[in-house]
Amino acid sequence: MASMLIVVVVVAIAVVWIRGARRNRLVWLTKLNLPGRWRCEDGDLALEGELNGGRYRLSDGAREESGRWLLEGNDLLLTSDKAAGQRRYELRYFSPGKIGVDGPGLPRRVYERVADNVVTLRARDR
């Protein structure tokens, strides 16, 4: 009987911990607000999709590429449509609308969100 009580307590603690971790992750993703257009002094990064992944377009000087992006912890994973493999970039949050990206091909760049007044409207289901 005592061992059953210990199992129930451990399961309850695990459930509470998992719910808290999910809630904290959602708060972090909302704070980052990655989908949108980001610009630095010599490049442009457009992230489309959900808060933690979707499609991207990157223009860096003469180079342009597109593909899929995914946020894994504090790392931004970019998978190009043309190149094989995945590139991992360290993502740093500085303030609302300001992030840092550091990794192969993008050494220590600071991107600022491009503000626009476009509101996306969804078609109503009929």
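We count residues from 1, following the sequence as given. Only heavy atoms go into these numbers, but all of them, side chains included; no hydrogens, no water, no symmetry mates.
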Below 4.5 Å, heavy atoms only, C-beta onward: do Leu51 and Pro35 meet side chain to side chain?
yes
Over all atoms of both residues, closest heavy-atom pair of [X] and [Y]:
| X | Y | value |
| --- | --- | --- |
| Arg39 | Val114 | CB-CG2, 3.8 Å |
| Leu45 | Tyr111 | CB-CE2, 3.9 Å |
| Lys31 | Tyr93 | CE-CE2, 3.4 Å |

Give the cluster check for [X] versus [Y]: same hydrophobic cluster or not, with ILVMFWY residues linked at side-chain heavy-atom distances below 4.5 Å.
| X | Y | value |
| --- | --- | --- |
| Leu29 | Tyr89 | yes |
| Ile99 | Leu77 | no |
| Val9 | Trp17 | no |

Can you tell me how far [atom2] of [Y] sits from [atom1] of [X], rounded to the nearest 0.5 angstrom?
| X | Y | atom1 | atom2 | value |
| --- | --- | --- | --- | --- |
| Asn52 | Leu26 | CG | CG | 9.5 Å |
| Thr30 | Arg25 | OG1 | CZ | 10.5 Å |
| Arg92 | Leu76 | CZ | CG | 13.5 Å |
| Glu112 | Ser95 | CD | OG | 7.5 Å |
| Asn74 | Leu32 | CG | CG | 8.0 Å |

Pair Asp75, Leu91 - check side-chain contact (heavy atoms from CB on, under 4.5 Å), show working.
CA-CA 5 Å; Asp75 291 338; Leu91 181 72; over 6 Å; no
Scan the side chains in residues 56-69 for donor-acceptor partners under 3.5 Å anywhere in the protein, sequence neighbours excluded, and list what turns up.
{"from": "Tyr56", "atom 1": "OH", "to": "Glu65", "atom 2": "OE2", "distance (Å)": "2.5"}
{"from": "Arg57", "atom 1": "NH1", "to": "Glu48", "atom 2": "OE2", "distance (Å)": "2.7"}
{"from": "Asp60", "atom 1": "OD1", "to": "Arg109", "atom 2": "NH1", "distance (Å)": "2.8"}
{"from": "Asp60", "atom 1": "OD1", "to": "Arg109", "atom 2": "NH2", "distance (Å)": "3.2"}
{"from": "Glu65", "atom 1": "OE1", "to": "Arg87", "atom 2": "NH2", "distance (Å)": "3.3"}
{"from": "Glu65", "atom 1": "OE2", "to": "Arg87", "atom 2": "NH2", "distance (Å)": "2.5"}
{"from": "Ser66", "atom 1": "OG", "to": "Asp81", "atom 2": "OD2", "distance (Å)": "3.3"}
{"from": "Trp69", "atom 1": "NE1", "to": "Glu48", "atom 2": "O", "distance (Å)": "3.0"}
{"from": "Trp69", "atom 1": "NE1", "to": "Arg55", "atom 2": "O", "distance (Å)": "3.1"}

Applying side-chain contact (heavy atoms from CB on, under 4.5 Å) to Leu70 and Thr79, what does each step give before you reach the verdict?
CA-CA 9 Å; Leu70 177 67; Thr79 306; over 6 Å; no
